[in-house]
Amino acid sequence: MNTPKGTSTLERSRGLAGEPIVSIAGITKSYQTGPVLLKVLQGVDLKVTPGEWVAILGPSGSGKSTLLNILGLLDRPDSGTYIIDGTSVTDLDDNERAEARNRDIGFIFQRFNLLPRTSALENVATPLVYRRLPRKERLDRAEAALESVGLADRVSHDASELSGGQIQRVAIARALVTNPSLLLADEPTGNLDAKSGAEIMELFHELPRQGRTIIMITHDPDIASMAHRQLKLADGRLQPYTRPIS
């Protein structure tokens, strides 16, 4: 994939082998619901190294989405620290957070979140608009990203002309096109049939081999078992996950 000068976080990550890409400590988050204070996260600690794939499990309401939003700089914790790729993002203002999000984080959503009536190529190129790159460079990089996920022959197709699995591949290419330090995946197979889901998981297996770092939330132990490390979110904290013996 073509990369502009100074933006290859993968190269920086390889240079920091063994140092965590993600380091959060003491993350707390509560919500006031009428007279009740709901404590969702109660001191979450996590370190993730370059090229590691971590799965976080937990039932609905356990705080997985809240944690993912904090990791994605979409929400702020009440307390705690967050360092990504060697830079503290804990106290950034809104503009700085948006810049860090575009630079360092790629999102893969359960519902894909592609632009309707827009080609796969233009969808993938969209995050690069915020980099103020020339249009030709944006499209060249988007085409390379689509090729990397096996969709070189679908660049001009829009979502209505693609299968569910192909749509998710477009979404993955969009997440990869900025060369982010971290990929955040929210139930990436949740809207797919079994065959398409298996194909997406095969692609996920390849991403860490390319130096990609992934944090994935899921409710499915079978999906989680494919990751390098499994954690569960319980009582507001992350704990090692051990699958029950059936």
Side-chain angles (χ1 to χ4, degrees), residues 20-34 36-48 52-84 89-90 92 94 97-98 100-102 104-114 127 164 167-168 171-172 174-176 178 180-192 197 200-201 204 207 212-241 243:
I21 283 289
V22 169
S23 179
I24 62 174
I27 294 292
T28 66
K29 185 69 177 181
S30 299
Y31 296 99
Q32 191 76 42
T33 306
V36 178
L37 182 66
L38 179 61
K39 297 180 178 180
V40 180
L41 304 178
Q42 302 187 54
V44 174
D45 302 318
L46 176 64
K47 290 185 178 181
V48 183
E52 187 177 16
W53 177 11
V54 176
I56 298 175
L57 296 106
S60 178
S62 63
K64 299 190 307 298
S65 294
T66 297
L67 178 57
L68 199 74
N69 286 340
I70 289 172
L71 289 168
L73 300 176
L74 298 170
D75 198 1
R76 296 177 183 270
D78 296 332
S79 63
T81 59
Y82 180 12
I83 296 171
I84 181 168
V89 295
T90 307
L92 300 182
D94 288 346
R97 289 163 69 84
R101 197 161 49 239
N102 181 260
D104 290 324
I105 301 169
F107 294 91
I108 302 168
F109 301 99
Q110 177 179 352
R111 297 187 183 279
F112 317 129
N113 289 358
L114 298 185
I167 293 172
Q168 187 62 296
I172 292 171
R174 180 186 56 192
L176 296 175
T178 59
S181 302
L182 174 66
L183 292 173
L184 296 177
D186 181 4
E187 301 279 6
T189 63
N191 278 356
L192 301 177
I200 293 300
M201 284 298 99
F204 267 64
L207 294 174
R212 308 288 182 178
T213 304
I214 306 169
I215 298 177
M216 175 182 74
I217 65 170
T218 181
H219 69 280
D220 188 335
D222 289 333
I223 296 296
S225 69
M226 300 177 189
H228 301 151
R229 181 159 51 119
Q230 297 81 36
L231 302 170
K232 65 177 179 180
L233 190 57
D235 300 322
R237 292 181 173 86
L238 286 175
Q239 307 166 13
Y241 174 77
R243 187 167 184 172

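Only heavy atoms go into these numbers, but all of them, side chains included; no hydrogens, no water, no symmetry mates.
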## Note on the structure
When every non-hydrogen atom of Ser60 is compared with those of Lys64, the smallest separation belongs to N-NZ, 4.3 Å
### Query
How are the rings of His228 and Trp53 set relative to one another: parallel (under 30°), tilted (30 to 60°) or perpendicular (over 60°)?
perpendicular
### Task
Any chance you could measure Gln230, atom CD, to Gln239, atom CD, to the nearest 0.5 Å?
14.5 Å
### Query
Taking all non-hydrogen atoms of both residues, which atom of Gly72 and which atom of Phe107 are closest, and how far apart?
O-CZ, 3.4 Å
### NZ on Lys232 to CD1 on Ile56, rounded to 0.5 Å
13.5 Å
### Message
Would you say that Asn191 contacts Gln168 through its side chain, given a criterion of any heavy-atom pair below 4.5 Å between the two side chains?
### Response
no
### Message
Quick one, Thr90 with Thr81, criterion side chain to side chain donor-acceptor pair (under 3.5 Å). Give me CA distance, side-chain angles, the key distance, then yes/no.
### Response
CA-CA 6 Å; Thr90 307; Thr81 59; 5.3 Å; no
### Query
Where is the tightest heavy-atom contact between Pro127 and Asn102, given as atom of each residue plus distance?
O-ND2, 3.1 Å
### Query
Is the shortest heavy-atom distance from the side chain of Thr218 to the side chain of Leu57 under 4.5 Å?
yes
### Message
Ile24 vs Ile70, test: side-chain contact (heavy atoms from CB on, under 4.5 Å). Steps then yes/no.
### Response
CA-CA 10 Å; Ile24 62 174; Ile70 289 172; over 6 Å; no
### Non-hydrogen atoms of Ser30 and Asp78 that approach each other most closely
N-OD2, 2.7 Å
### Query
Rounded to the nearest 0.5 Å, how far does CG of Asn113 lie from CD1 of Ile108?
12.0 Å
### Summary
d(Leu92 CG, Leu73 CG) to nearest 0.5 Å is 7.0 Å
### Query
Is Arg212 close to Pro180 at the side-chain level, that is, under 4.5 Å between some pair of heavy atoms?
yes
### Task
Supply the atom-to-atom distance Leu68 CG to Glu187 CD, rounded to the nearest 0.5 angstrom.
10.0 Å
### Message
For a 4.5 angstrom cut-off between non-hydrogen side-chain atoms, does Leu46 reach Ile215?
### Response
yes
### Query
How long is the gap from OG1 on Thr66 to CG on Leu71, to the nearest 0.5 Å?
11.0 Å
#### Entry: Heavy-atom donor-acceptor pair, Lys29 side chain to Arg76 backbone, under 3.5 Å
yes
### Task
Find out whether Thr213 and Ser181 are in side-chain contact, i.e. whether some heavy atom of one side chain is under 4.5 Å from a heavy atom of the other.
no
### Task
Given side-chain contact (heavy atoms from CB on, under 4.5 Å), test Leu184 with Asp186 step by step and report yes or no.
CA-CA 7 Å; Leu184 296 177; Asp186 181 4; over 6 Å; no
### Message
side-chain contact (heavy atoms from CB on, under 4.5 Å), that's the test. Do Leu192 and Ile200 meet it? Break it down for me.
### Response
CA-CA 9 Å; Leu192 301 177; Ile200 293 300; 3.6 Å; yes
### Query
Can you name the closest pair of heavy atoms from Leu114 and Arg174 and give their distance?
CD2-NH1, 3.4 Å
### Query
Run the side-chain contact (heavy atoms from CB on, under 4.5 Å) check on Leu233 and Leu41 step by step: do they pass?
CA-CA 9 Å; Leu233 190 57; Leu41 304 178; 4.0 Å; yes
### Task
Compare all side-chain heavy atoms of Leu176 with those of Leu207 and state whether any distance is below 4.5 angstrom.
yes
### Message
Is any side-chain heavy atom of Met216 closer than 4.5 Å to one of Pro188?
### Response
yes
### Task
Run the salt-bridge test on Arg101 and Asp94 with the 4.0 Å N-O cut-off and return the result as yes or no.
no
### Query
Would a distance-only check, ignoring hydrogens and angles, find a side-chain to backbone donor-acceptor pair under 3.5 Å from Asp104 to Leu182?
no
### Query
If you draw a 6.0 Å radius around CG in Asp75, do more than 12 non-hydrogen atoms from other residues or ligands fall strictly inside?
yes
